[in-house]
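Notes for the one structure printed next.
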Amino acid sequence: MKLSKTYEPNQYEENIYALWERSEAFVADPNSKKEKFSISMPPPNETGTLSLGHALFITLQDIMVRHARQQGKDVLWLPGTDHAALPVNALIEKQLAEEGTDKHAIGREEFLRRTREFVGNSRDTMIGQMRAMGASADWTRLRYTLDPTLNRCVNETFIKMHNDGLIYRGARIVNWDPNLQTTISDDEVEYTEETTKFYTLKYGPFEIGTARPETKFGDKYVVMHPDDERYAQYKHGDTFEAEWINGPITATIIKDEAIDPSFGTGVMTITPWHSHVDFEIAERHNLDKTQIIDFDGKLLPIAAEFEGSNISEAREGIIKKLEAKGLVIKVDDNYVHNIALNERGKGVIEPQIKMQWWVDVNKPVVEWNGKKQTLKEVLQSVVRDGEIDIIPQRFEKTYFHWIDNLRDWCISRQIWWGHRIPAWYRTDTNGTVETYVGDTPPTDTSEGWNEWQQDPDTLDTWFSSALWTWSTLIDPEVAADPNATLEEMFKRSPDFQAYHPTTVLETGWDILFFWVARMILSTTYVTGQVPFKDVYLHGMVRAEDGKKMSKSRPESIVDPLTVIPEYGTDALRMALIMGVSPGNDQNWSKAKIETNRNFCNKLWNIARYIEGTLDDSLERGVKPEPVSAADHWVLKQLSDGADTVATHIAAYRFSEAYDVVYHLIWDEVADWYVEASKSAQNASVMNYVLESVLKLAHPIAPFVTETIWQTLHPDSDTLLTLAPWPQAAKYDTEQAEAFEKIKTVVSEVRQIKTLLGITGASLFFTDAPFIENNAEIIRKLTRLDTVRQVTDGKGLYLTQTTESCWLDIDIETAREFTSKLEEKQAAAHKQIGLLNSRLGNAAYVDKAPKHLVDQTKQLLTDLQAEVATIEEQLAQFKELSS
RNA sequence: GGGUGAUUAGCUCAGUUGGCUAGAGCAUCUCGUUUACACCGAGGGGGUCGGGGGUUCGAGUCCCUCAUCACCCACCA
């Protein structure tokens, strides 16, 4: 016996993974003629270790790619990691602060050196963890967002977009994080509710409301809706004098439709430098903009005596001053509003006007389907026209809504870790600035100009991840050729030619906007192709109590690497897909992982049983020669099961695919076929069953299946992971049906035996070949004394079915069973009533599909026969009792 | 303010285009050690599918409406 009594995953997994990798089983071959299947692995952030969320995406993608290999496709699953600019940069800055220094003290070079060292270490850890989770990725093609090739792609994309006017530099309002000292994009802002004071202030003849009096120093425009009749007497452009925080000012009336007349007094003053909405109003009317708060969050000289104060500290003082002037009309202590936070680090966002690089989403210069479109329009059309399908479909609505609200994308960041912006500046003696966008600065040295200096900023991480499906496929040698254009890079890269567009993108719904939408945006524009044909979105893995796993509750976090040694990777993988539907969140469940550990053990023991039974005749690739009804039946189950599973996987229904595998293996193969085989063994079929079972379960449970495969045939050089999906075997339908009838008889006998507590009894039959041929199987499965053919009549008998067999019982047992029979009789009558009324309904008979009507009729016939049998038995009991 | 999801057995959840008597895992109850597995086997109990209305021959599934919970987006000074 080569297999131990229970499956001990941690004894095998590492070796099995090493075997796969050694065999180059996961290496793609762009030159092969096979159908292509490709997935870009979402690159995890290089911040340390992997979570259950990573385990989930690895599982889902691994199932797809392993199954694609089984179906004979050439598969590329390209792995990689992301430099994760903002989180990593923040992490290193935190380390520096703990050492009592900062990035300016150590300088850019040293900062980058330290960061590289840190991410290098975490990358190695993470890649080891991905292997531990069974990821059958092509590690020979491992990519990193800061690789020279990918960096080249980033620069070329930036330059191309700049040349087309899709990237521009401009002073616009940004989301500024004073803590991290950088801008962030709209999508990185999150909001949290806060209760604060709301002040109503006197502003000339008006009353205005504000929660932020500290921003009001420079307010010199008062805005109202043009149709607001309360203020009809004031004309757009009128001016008036008013007493304000630091003395008298001249204010101007502005009429703008952005104002909601029903909110407060319907009048507000604006602070264009520190509010998105106010900025837009100011832009529309070409108004002055004044900075009040500096980039550290402190008040500027315009605040007079408050200069240099933190905004929150200054607030009380400003209100006191306004009160002294009699300008405070009302204070509401319970005003609830949203404050903006940076989702990374939770710093409060202060809108500022700043010169930044932007992607213009409204400029119609993108060639798509023969038309010049805007980036927004392309984003919409590829999903609307079905060039990309999002699963589950409801996320398409979310996606369109996001596009509707999309503004120009701010892509420059004031941090050091990331792709340096390929823009260069130089000044002449008059202070004139010249800008150049390109990989390297121009080499000319004109008289009177200073040297070219590169823009100090870096790009938003998502700008580079947006290129991931194709930048990873560019041949590094081609990318190293400085003369190669983007078009040439595509043409001369075999991987790009073979694997792009990728087949499917699998990721969490939480990065639909950050990543998925940005990939569509950049990739359609640069390559003229969609990045992928399907998008499958999975949900989040929450803690066992249904709340988010969070660092603030360390006990809520489940680390996959502590789960794997105890239960095995396969159990973890199965626990993460069992009973989970696309896009829906799931709760971590200890019970689920135990169930699946048990399933692995069940699989192991099926193999162990077959191994013990077949011994020397254990073979591979055996053609099944079915003999018994059970043989034919199990071949049918496997064949139907393989089809169903393949259909489910192709439709991304992983939970259902697994459900079929689970019950096929446990309920049908183990509980019926293996048990039946104890009466009559068929080596060829058992060999085939074992092999098929391993193949069916392999995409979901790769380790235990390959372990069994390798352990049973240690000399073989084949790998289960490269074996094809089971082919349908030939079986006889009637024989397969006969076994279904046997199952029914066995189940019913077991039911009666348990119900009545019968230990020994006999099953008699007169004319039932399917029983005659399987008498021993039935006897064993029912644990009856005898299963025997008789020639005479029935005598006293008991059965729940119309099958031509019965349990031979005594009158006492019969009496006990009477009430059960009466219950069944009543239930059957009720059902017959229902069916009769359905068939009596002319509309049903007319309109329902014929096969359903036939089915109903058949059901009715069966039930009527059943009732007849029951009644016959009851009459018999009654007669014998009297 | 706009949107999405959830509401199905004691618990956690599946249920593809509407179609047999609505399923799973866990829990629970009763039996059981039999050529693999107690990480096991056999059998049972448990649901008017959140409420109301509608469409249909037929609704857990489609439409309307209400309720509760969760999340996303926008953001109002």
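Just so we're on the same page: letters track the sequence lines, and every chain starts at 1. This one's a predicted model, so the numbers in the text were calculated from it and none came from an experiment. Values reported hereafter were calculated over all heavy atoms of this structure, with side chains retained and with hydrogens, waters and symmetry mates removed.
Donor-acceptor pairing under 3.5 Å is lacking for the side chains of A:H663 and A:E668. Checking A:E188 against A:S185 by side-chain atom types alone, a donor-acceptor pair falls below 3.5 Å. In this structure, a donor-acceptor pair under 3.5 Å is absent between the side chains of A:N596 and A:D570. Using modelled atom types and a 3.5 Å distance limit, the side chains of A:D187 and A:W402 yield a donor-acceptor pair. There is no side-chain donor-acceptor pair under 3.5 Å between A:N587 and A:S589. The closest side-chain donor-acceptor pair between A:T271 and A:D219 falls under 3.5 angstrom.
A donor-acceptor pair under 3.5 Å links the side-chain atoms of A:Q586 to the main chain of A:L576, judged by distance alone. In this structure a side-chain-to-backbone donor-acceptor pair under 3.5 Å is present from A:K753 to A:T782.
Two residues, A:S747 and A:T210, neighbour RNA chain B, and the one matched to the more 5' nucleotide by heavy-atom proximity is A:S747.
A:R212 forms no cation-pi arrangement with A:W273, by the criterion of a distance under 6.0 Å to the ring centre and an angle within 45° of the ring axis. A cation-pi geometry, defined here as NZ or CZ lying under 6.0 Å from the six-membered ring centre and within 45° of its normal, does not hold between A:K255 and A:Y231.
Candidate nucleotides B:C72, B:G25, B:G19 were compared by shortest atom distance to the side chain of A:F513, and B:C72 ranks first. Out of B:C26, B:A42, B:C75, the shortest distance to the side chain of A:V277 is found at B:C75. In the set B:U4, B:C57, B:C72, the nucleotide with an atom closest to the side chain of A:W509 is B:C72. You'll find that the side chain of A:T754 is closest to B:A42, out of B:A74, B:A42, B:C57. Picking from B:C73, B:A14, B:G19 the nucleotide with the shortest atom distance to the side chain of A:H401 gives B:C73. Considering only side-chain atoms of A:D260, the nucleotide from B:A24, B:A14, B:C76 that sits closest is B:C76.
Distance CD (A:E594) to C1' (B:A27): 12 Å, rounded to an integer number of Å. One atom, CD1 of A:I511, and another, P of B:C72, lie 15 Å apart when rounded to the nearest Å. Rounded to a whole Å, the CD atom of A:E396 is 18 Å from the P atom of B:G3. Straight-line distance from the NZ atom of A:K592 to the P atom of B:A24: 16 Å, rounded to whole Å. Between A:L784 atom CG and B:A42 atom C1' there is a gap of 13 Å when expressed in whole angstrom units. B:G41 atom C1' lies 13 Å from atom NZ of A:K753, rounded to whole Å. Between the CZ atom of A:F654 and the P atom of B:G15 there is a distance of 13 Å, given to the nearest Å. Between the CZ atom of A:F395 and the P atom of B:G5 there is a distance of 9 Å, given to the nearest Å.
A:G264 comes within 4.0 angstrom of nothing in the nucleic acid, heavy atoms only. Residue A:H337 is in sugar-phosphate contact alone, with no base atom involved, counting any heavy-atom pair closer than 4.0 Å across all strands shown. Within the nucleic acid shown, A:K216 comes within 4.0 Å of sugar-phosphate atoms alone, with no base atom in reach, counting heavy atoms only. No contact: A:S589 has no heavy atom under 4.0 Å from any strand. As judged by a 4.0 angstrom heavy-atom cut-off over every strand, A:I259 is placed among the base-contacting residues. Looking at heavy-atom distances under 4.0 Å, A:Y7 makes no contact with the nucleic acid at all. Across all strands shown, A:D278 has no heavy atoms under 4.0 Å from either base or sugar-phosphate atoms. The residue A:H663 sits close only to the backbone: its heavy atoms come under 4.0 Å of sugar-phosphate atoms, none of a base. At a threshold of 4.0 angstrom between heavy atoms, the contacts of A:A848 include nucleobase atoms, whether or not backbone atoms are also involved. Here A:R597 lies in heavy-atom contact (under 4.0 Å) with a base.
Of the side-chain N and O atoms in A:S581, one or more sit less than 4.0 angstrom from OP1 or OP2 of B:A14. The phosphate of B:A6 (OP1 or OP2) has no side-chain N or O of A:R542 nearer than 4.0 angstrom.
Here B:A70 sits opposite B:U4 as a Watson-Crick or G-U wobble pair (both hydrogen-bonding atom distances under 3.5 Å). Under the Watson-Crick or G-U wobble criterion, with both distances below 3.5 Å, B:G25 is paired with B:C11. Checking B:C76 for Watson-Crick or G-U wobble geometry (two distances, each under 3.5 Å) identifies no partner in any strand. In a base pair of the Watson-Crick type (N1 to N3 plus N6-O4 or O6-N4) or a G-U wobble (N1-O2 and O6-N3), with each distance short of 3.5 Å, B:U48 is matched with no nucleotide. Figure legend. B:C37 is base-paired to no nucleotide; pairs are counted as Watson-Crick or G-U wobble with both atom distances under 3.5 Å.
If you take atom C1' in B:U55 and the same atom in B:C64, they sit 11 Å apart, rounded to whole Å. Taking atom C1' in both B:G45 and B:G10, the straight-line distance is 12 Å, to the nearest Å.
Counting heavy atoms from C-beta on, the side chains of A:F703 and A:I564 never come closer than 4.5 Å. At a threshold of 4.5 Å between non-hydrogen side-chain atoms, the residues A:R783 and A:R750 do not count as touching.
A donor and an acceptor atom sit less than 3.5 Å apart, one in the side chain of A:R653 and one in the base of B:U16. One donor-acceptor pair, N or O on each side, does fall under 3.5 Å between the base of B:C75 and the side chain of A:N338.
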Criterion salt bridge (Lys or Arg N to Asp or Glu O under 4.0 Å) on A:R608 and A:E611, from CA distance to verdict
CA-CA 5 Å; A:R608 195 162 169 259; A:E611 184 205 3; over 6 Å; no
Please list, for nucleotides 20-22 of chain B, all pairs of protein and nucleotide N/O atoms separated by less than 3.5 Å.
from: B:U21; atom 1: OP1; to: A:Q831; atom 2: NE2; distance (Å): 3.0
from: B:U21; atom 1: OP1; to: A:R838; atom 2: NH2; distance (Å): 3.3

Between protein and nucleic acid, restricted to nucleotides 33-37 of chain B and to nitrogen or oxygen atoms under 3.5 Å apart, what atom pairs and distances do you find?
from: B:U35; atom 1: O4; to: A:K678; atom 2: O; distance (Å): 2.7
from: B:A36; atom 1: O3'; to: A:R608; atom 2: NH1; distance (Å): 3.1
from: B:A36; atom 1: O2'; to: A:N605; atom 2: OD1; distance (Å): 2.4
from: B:A36; atom 1: O2'; to: A:R608; atom 2: NH1; distance (Å): 2.8
from: B:A36; atom 1: N7; to: A:K678; atom 2: NZ; distance (Å): 3.0
from: B:A36; atom 1: N6; to: A:E675; atom 2: OE2; distance (Å): 2.6
from: B:A36; atom 1: N3; to: A:N605; atom 2: O; distance (Å): 3.1
from: B:C37; atom 1: O4'; to: A:N605; atom 2: OD1; distance (Å): 2.7
from: B:C37; atom 1: O4'; to: A:N605; atom 2: ND2; distance (Å): 3.2
from: B:C37; atom 1: O2'; to: A:N601; atom 2: ND2; distance (Å): 3.0
from: B:C37; atom 1: O2; to: A:K602; atom 2: NZ; distance (Å): 2.6
from: B:C37; atom 1: N3; to: A:K602; atom 2: NZ; distance (Å): 3.1

